[in-house]
Amino acid sequence: MDIKRVAIDAVTETIVMTVVHMDYKGQVAKRINEKMPLAQVKGFRKGAVPKDLVEKQYGREIKKEEVKKVVDLALERYIQSERLNLLGTPLPKVNEELDWSAEELTFEFEIGLVPNFELDLDAKNDIVKYVVTADDKLIDGQVARIQKQFGNAIPQEEVEANSDIKGIFTNEAEGIGNTTTITLDIFKDKATADKFIGKKVGDVVTVNTSGLFEDDHQLMDYLKVGHDNVHGLAIDVDFTIEAITVSEPAELNQELFDKLFGEGNVASLEELKGKIKEDAETQFAQQADQKLLGDVTEFLIENTKFELPSEFLKKWLQTVGEKKLSPEEAEVEYARSEKGLRFQLIEGKALVQNDIKITFEDLKTFTAKNIRQQMAQFGQTNPSDEEVQGIVARVLSNQDEVKRLSDQVVAEKLLELFKEKANPTTKEVTYDEFIAASYGE
C-alpha cells in the first residue's frame, strides 16, 4: 500500500491511499472459501455451487468489506505513526466512479490539522486584576439586611414610606413576570416612589423602566431583564401589590450572633462587621478571579493569531451528531463555536508550554476542598477526613463529574499561571466599582 499526504493549505491536507491486490486478496479468498459451503444459487445444491459463481455473486461485496477494513486500519496507523494532531476526524472524499473490479484502488481523506502557533503569555496588555474591598456602606447595609431578615414582619393596610412591598412586575408583550419585594428607596425619582404611597393589596402601579433606578443593571434583579436589553429600555411595567409589611429590626444580641455564626464565634457588633467583611471579600475574590480569567482569555484569543482549517471544519460539522447539518447550519454552528475552539487550542498550548499536568491527586484534592466548602455552608464546619474522602470517592466514580471537575482544576491552574505570567495591573476597588467595571456601559 502506498500512502502520501498532499497539502491543500497550511492546516488542511489530503491523505491519498493506494490499495493494491496484495493488500486484500488473501482475506477476500478466505472469505470466499468460507462462503462456499453456505452459498445458495438457483440450480445448485447448497454447498455445491462452483467457486466462480460464488465469486460472481458475493465477491464484490466481500471485496468492499475487506478493502474498507484494510483502509480503516492503515489510516489509523498512519495518523499515529506520523503523529498527526487533527481537528475533527478524516473526511472520506466520495468517488462515484470508483471501479471496484480494478485490482488497484485509490482512496482520499481530507484532514484538518491543529495549527502551529506561538503563545506569548508575557505580552504587553492592559488587563486589570481587581482587589475588591467591602466598604462601610456595604457592611452597614448587610447588617441592616440581617436585622431585617431576622426581624418581625408586621402587616400593613397600605403602603408607607418605610414599607416592604411584595408584588409582581409584569409586561406581557416583553415576557416580563417577576415576583419580588421592593422598598421605595430603590427608585431613582421621588415621584415614582410617591405613586405607591397609600396603595393597598391588589392595587396596580404602572411605572416606566427608563430611569427607574440609579443603575439600569438593577432591572436585571427586579424585572429579570437580560443584561443586553437593560440599557435604554423604556417600557411600561405594572406592579401588582400582593403584600405590604413593615420590618421590626432584630436586636443585635448574642442570640442572633449565635444563630448566624454558631455559638460563641461572634460576640459583638464589631466582630459581626469583621465577619461580614471577611466573608464578603472572600466571595469578591472569587468573582474577581473569574473576571481576570475571562479578561485574559479574551486578550489571548484576540492577540494570538493562527489559521484554522475552517472550510474543512464546516464540512466536518455536517457529518457529526445525530442530526446532520445543512451547509448553512454548519456555517452558523462554526461561527458560534470558533472562539471556544481557539481558546481550547490556546489552553492546551499554555499547559504544554508550561509543563502543567493534571493528576488524579490534583482532582481528589480539589474535590475534597469543594466538598468541605459545601458542607460548611450547611453548618458542618469540621467533617472528618474519612467522611470527606468517602464523598470524594463517590463523586469521582461518575465520569461526567470527573470531566466537569477536571475542567475546573484546569481553569484554576491556568488562573494561577495567568496571574504569574500575564502580569496584570492590580487595582483596589469597592464592590460597586467592580460591578461597574464588569458590566459597564
Begin with the C-alpha distance, continue with both residues' side-chain angles, and end with the deciding distance and a verdict on side-chain contact (heavy atoms from CB on, under 4.5 Å) for Glu103 and Tyr24. CA-CA 10 Å; Glu103 291 194 354; Tyr24 58 83; 4.2 Å; yes
What pair of heavy atoms forms the shortest contact from [X] to [Y], and how long is it?
{"X": "Phe213", "Y": "Ile186", "answer": "CD2-O, 3.3 Å"}
{"X": "Val266", "Y": "Asp258", "answer": "O-OD1, 4.4 Å"}
{"X": "Glu307", "Y": "Val11", "answer": "O-CG1, 3.6 Å"}
{"X": "Met17", "Y": "Leu75", "answer": "CE-N, 3.8 Å"}
{"X": "Pro424", "Y": "Lys419", "answer": "CD-O, 3.8 Å"}
{"X": "Asn265", "Y": "Glu271", "answer": "O-OE1, 4.1 Å"}

Can you find a pair of side-chain heavy atoms, one from [X] and one from [Y], that are under 4.5 Å apart?
{"X": "Thr425", "Y": "Lys129", "answer": "no"}
{"X": "Val143", "Y": "Lys273", "answer": "yes"}
{"X": "Leu256", "Y": "Phe261", "answer": "no"}
{"X": "Leu417", "Y": "Leu414", "answer": "yes"}
{"X": "Ile111", "Y": "Thr12", "answer": "no"}
{"X": "Phe107", "Y": "Val16", "answer": "no"}
{"X": "Leu84", "Y": "Arg5", "answer": "yes"}
{"X": "Tyr431", "Y": "Gln287", "answer": "yes"}

Are more than 12 heavy atoms, taken from residues, nucleotides or ligands other than Arg77, located less than 6.0 Å from that residue's CZ atom? no
Does atom NZ (Lys93) have a neighbourhood of more than 12 heavy atoms from anything else shown, all under 6.0 Å? yes
Can you confirm whether the side chains of [X] and [Y] place a donor and an acceptor under 3.5 Å from each other?
{"X": "Asp362", "Y": "Thr359", "answer": "yes"}
{"X": "Asn178", "Y": "Thr180", "answer": "no"}
{"X": "Ser101", "Y": "Asp99", "answer": "yes"}

Output, in order, the C-alpha distance, side-chain angles, deciding distance and verdict of side-chain contact (heavy atoms from CB on, under 4.5 Å) for Val409 and Thr365. CA-CA 10 Å; Val409 174; Thr365 301; over 6 Å; no
Knowing that exactly one of Asp238, Val225, Thr209, Leu223 qualifies, which makes a side-chain contact (heavy atoms from CB on, under 4.5 Å) with Phe169? Leu223
Carefully, step by step, assess Thr430 and Leu138 under the rule side-chain contact (heavy atoms from CB on, under 4.5 Å). CA-CA 9 Å; Thr430 66; Leu138 184 145; over 6 Å; no
With a cut-off of under 6.0 Å to the ring centre and 45° to the axis, is Lys291 in cation-pi contact with Tyr130? no
When you measure from the side chain of Asn171 to the backbone N and O of Glu174, does any donor-acceptor pair fall under 3.5 Å? yes
Answer yes or no: is there a donor N or O on one side and an acceptor on the other, between the side chain of Lys323 and the main chain of Val320, under 3.5 Å? no
Might you work through the side-chain contact (heavy atoms from CB on, under 4.5 Å) test for Ile371 and Ile391, ending with a clear yes or no? CA-CA 8 Å; Ile371 288 168; Ile391 299 172; 3.4 Å; yes
